[in-house]
Amino acid sequence: EADIYQTPRYLVIGTGKKITLECSQTMGHDKMYWYQQDPGMELHLIHYSYGVNSTEKGDLSSESTVSRIRTEHFPLTLESARPSHTSQYLCASSELGLAKTNTGELFFGEGSRLTVL
Amino acid sequence: AQRVTQPEKLLSVFKGAPVELKCNYSYSGSPELFWYVQYSRQRLQLLLRHISRESIKGFTADLNKGETSFHLKKPFAQEEDSAMYYCALSEKAGNNRKLIWGLGTSLAVNP
């Protein structure tokens, strides 16, 4: 079944640890995104990718990094986690191109809730 | 400057009452607008898009270019409508499109 998967769903770690949040999609989409959702529920784009070997920083500055070696996989890494990184991270994919046939819809994963102590 | 404005962070109504979640936008071209919804403990998902002119779960949204608005409406709110609602605008970004998000409105439908 075509879907977008995020792991782990919940992660509690100590300051200074390196973490990777995994995101995989079987939708066949070229475009993938990472959003940070703060406690006030605002959505902030932190990274996006329009295809393999393409990554860009989003609107909100983030100390995290991403990679896109395979179309279906878009992991996010924090080299040294801090309490300020505590948040909900949402991965999404889409076909947000200019073709008239595309619907412009983003498909989201269930999210990874990160708590850094 | 914010391109998509949702003026209400919280909206509380009683079951059976009409509900309107406001969304205003600024965009120079022909806008493509969406409403996304996030129910408690569920993933964020598309509710409706303006080009479809459809009604989903009793919700409708009409694009008013004169008022640059895309308000989401439902005549009789239900408790299961309680959720976080985001308005979003799709704009051209090179050869791709980019979604501009509002800050969201939390709707609480009280029994």
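Here is the naming used below: chain letters follow the sequence lines, and residue numbers restart at 1 for every chain.
A:L60 and A:V116 fall within the same hydrophobic cluster, where Ile, Leu, Val, Met, Phe, Trp and Tyr residues are linked whenever their side-chain heavy atoms come under 4.5 Å apart, directly or through other members. In terms of hydrophobic clustering, with Ile, Leu, Val, Met, Phe, Trp and Tyr side chains grouped at heavy-atom distances under 4.5 Å, B:F70 and B:L11 are assigned to a common cluster. Hydrophobic clustering, with ILVMFWY side chains joined whenever heavy atoms are under 4.5 angstrom apart, groups B:L99 together with A:L45. A:L76 and A:M32 fall within the same hydrophobic cluster, where Ile, Leu, Val, Met, Phe, Trp and Tyr residues are linked whenever their side-chain heavy atoms come under 4.5 Å apart, directly or through other members.
For a residue to count as touching a neighbouring chain, one of its non-hydrogen atoms must lie under 4.5 Å from one of that chain's; by this rule A:Y35 touches chain B with the side chain only.
Counting heavy-atom neighbours within 6.0 Å of B:E80 CD, excluding the residue itself, gives a total above 12. Atom NZ of A:K17 has 12 or fewer neighbouring heavy atoms from other residues, nucleotides or ligands inside a 6.0 Å radius.
Rounded to the nearest 0.5 angstrom, B:L44 CG and A:L43 CG are separated by 6.0 Å. Expressed to the nearest 0.5 Å, how far CG of A:D59 lies from CD1 of B:I100 amounts to 6.5 Å.
Using modelled atom types, one side-chain atom of B:Y36 and one backbone atom of A:L106 make a donor-acceptor pair closer than 3.5 Å.
Taking 4.5 Å as the limit, every side-chain heavy atom of A:Q6 sits out of range of all side-chain heavy atoms of B:R43. Two residues are said to be in side-chain contact when any heavy atoms from C-beta on lie closer than 4.5 Å; A:E105 and B:F34 fail this criterion.
Side chain to side chain, B:Q38 and A:Q37 meet the donor-acceptor criterion of an N or O pair below 3.5 Å.
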Could you go through B:Q45 and A:F107, starting from their C-alpha distance and side-chain angles, then the distance that decides it, and tell me whether this counts as side chain to side chain contact (heavy atoms under 4.5 Å, CB included)?
CA-CA 7 Å; B:Q45 59 189 291; A:F107 294 85; over 6 Å; no
